[in-house]
Participant: 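Sharing a structure with you now.
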Number of protein chains: 2
Amino acid sequence: MRQNDVVSTMSVDLAFGENELLPAVAQDAESGDVLMLAYVTEEALERSRETGHAHYYSRSRDELWHKGATSGHVQHVEGIRVDCDGDAILYLVDQDGGACHTGYESCFHRTIDGEVTDDPVFDPDEVYE
Amino acid sequence: MRQNDVVSTMSVDLAFGENELLPAVAQDAESGDVLMLAYVTEEALERSRETGHAHYYSRSRDELWHKGATSGHVQHVEGIRVDCDGDAILYLVDQDGGACHTGYESCFHRTIDGEVTDDPVFDPDEVYE
């Protein structure tokens with residue numbers, strides 16, 4: 001496979017791939033729950049650092065994504081980790097409301113056998129118009 | 001962007017992308033620490049379920065990857081979660097040794113500013129020949 005281009009705009013080298021996206025995991029800084037996985041661009045990372053709110057890049061809408069801008073369920077960034085290869089990001093966050101648009105705290109609320117493991121924390125019909 | 005093909009070989013629909021890989025996060029089932037992010041194919045997922053050891057797909061070696069086969073640092077899979085969109089996987093694992101080939105328990109042992117946040121748990125020179 002082709003090598004990723006390594007850029008170094010931050011203090012660590014980040015290996016943004018050919019589509020300039022890196023996967024980013026959001027983890028609840030207090031409970032340790034893994035909340036979601038999305039993707040970031042350099043701009044999204046910079047906006048997260050500047051604003052203190054987690055930003056991603058929406059692949060479906062093809063635009064910078066301020067998580068919670070619609071729902072109010074923002075993620076307050078308490079730390080950002082980078083993995084050993086510089087090709088994955090970990091946001092440590094304090095999550096307002098829930099991370100998942102289906103009403104759960106975590107997007108990972110199902111087993112691979114389809115069993116729901118969590119209870120919903122909000123009603124998406126009341127949050128999203 | 002083009003839509004992913006949705007396949008349904010498990011009990012939940014998994015949206016494997018055009019390269020047939022999904023990102024997979026490994027989390028320590030007990031401590032909650034996020035250990036690493038890698039990628040899985042359907043075969044890797046099936047092997048993880050069959051063997052109880054986390055399997056991934058190595059993009060650099062372009063082959064199925066039994067994590068820990070060389071180092072002995074296998075991940076005992078205690079659960080597998082799927083996210084709401086079926087396009088990301090969460091392995092809940094009991095990690096032997098450390099997940100990171102650099103000697104740390106977690107690959108996410110650095111802040112984005114390059115500060116190392118963890119202590120090493122093994123000497124990679126003794127584990128990898």
Side-chain angles (χ1 to χ4, degrees), chain A residues 1 3-4 8 10-14 17 19 22-28 30-39 45-46 48-49 58-62 77 79-92 99-104 106-115 117-118, chain B residues 1 3-4 9-14 17 19 22-28 30-39 45-46 48-49 58-62 77 79-92 99-104 106-115 117-118:
Chain A
M1 74 180 278
Q3 289 295 100
N4 291 334
S8 180
M10 314 277 182
S11 307
V12 294
D13 288 334
L14 296 178
N19 54 5
L22 291 182
V25 177
Q27 180 181 33
D28 189 294
E30 189 168 1
S31 71
D33 290 346
V34 173
L35 301 175
M36 59 182 279
L37 185 148
Y39 295 85
L45 268 180
E46 286 165 9
S48 296
R49 288 161 65 91
S58 169
R59 299 183 304 169
S60 57
R61 295 192 304 273
D62 210 11
V77 177
I80 305 179
R81 299 283 184 277
V82 179
D83 80 347
C84 50
D85 297 323
D87 60 7
I89 301 292
L90 178 64
Y91 282 153
L92 303 174
C100 189
H101 71 287
T102 63
Y104 291 86
S106 169
C107 295
F108 295 96
H109 57 267
R110 294 181 302 162
T111 71
I112 196 164
D113 294 313
E115 184 188 352
T117 54
D118 303 348
Chain B
M1 76 180 275
Q3 288 296 100
N4 291 335
T9 56
M10 313 279 182
S11 307
V12 293
D13 288 334
L14 296 178
N19 54 6
L22 292 182
V25 177
Q27 181 181 31
D28 188 293
E30 190 168 1
S31 71
D33 289 346
V34 172
L35 301 175
M36 57 183 281
L37 185 147
Y39 294 85
L45 267 180
E46 286 164 8
S48 296
R49 289 161 65 90
S58 169
R59 298 183 303 170
S60 57
R61 295 193 303 273
D62 212 11
V77 176
I80 305 179
R81 300 282 184 277
V82 180
D83 80 346
C84 50
D85 297 323
D87 60 7
I89 301 293
L90 177 64
Y91 282 152
L92 303 174
C100 189
H101 71 288
T102 63
Y104 292 86
S106 169
C107 295
F108 294 96
H109 56 268
R110 295 180 303 163
T111 70
I112 197 163
D113 294 315
E115 184 190 351
T117 55
D118 303 348

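Throughout, protein chains are lettered first and strands after them, A, B, ... in sequence-line order, and every chain is numbered starting at 1.
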Participant: What part of B:Val34 gets within 4.5 angstrom of chain A, counting heavy atoms only: side chain, backbone, both, or neither?
Facilitator: both

Participant: Which of the residues B:Ile80, B:Asp33, B:Asp28 is involved in the greatest number of heavy-atom pairs with chain A at under 4.5 angstrom?
Facilitator: B:Ile80

Participant: Would you mind checking which part of A:Tyr91 comes under 4.5 Å of any heavy atom in chain B, side chain (CB onward), backbone (N, CA, C, O), both or neither?
Facilitator: neither

Participant: Once side-chain contact (heavy atoms from CB on, under 4.5 Å) is applied, do any residues pair with B:Ala88, and if so which ones, sequence neighbours excluded?
Facilitator: A:Leu37, A:Phe108, B:Pro23, B:Asp83

Participant: Taking all atoms of both residues into account, what is the closest heavy-atom pair of B:Cys84 and A:Arg110, and its distance?
Facilitator: O-NH2, 3.7 Å

Participant: Chain A heavy atoms under 4.5 Å from B:Thr117: which part of the residue, side chain, backbone, both or neither?
Facilitator: side chain

Participant: Side chain to side chain contact (heavy atoms under 4.5 Å, CB included) for A:Arg81 and B:Thr111? Distances and angles first, verdict last.
Facilitator: CA-CA 4 Å; A:Arg81 299 283 184 277; B:Thr111 70; 3.7 Å; yes

Participant: Can you name the residues that form a side chain to side chain donor-acceptor pair (under 3.5 Å) with B:Asp85, not counting sequence neighbours?
Facilitator: none

Participant: Once you round to the nearest 0.5 Å, how far does SG of B:Cys107 lie from CG of A:Leu90?
Facilitator: 11.0 Å

Participant: Given side chain to side chain contact (heavy atoms under 4.5 Å, CB included), test A:Val25 with B:Gln27 step by step and report yes or no.
Facilitator: CA-CA 11 Å; A:Val25 177; B:Gln27 181 181 31; over 6 Å; no

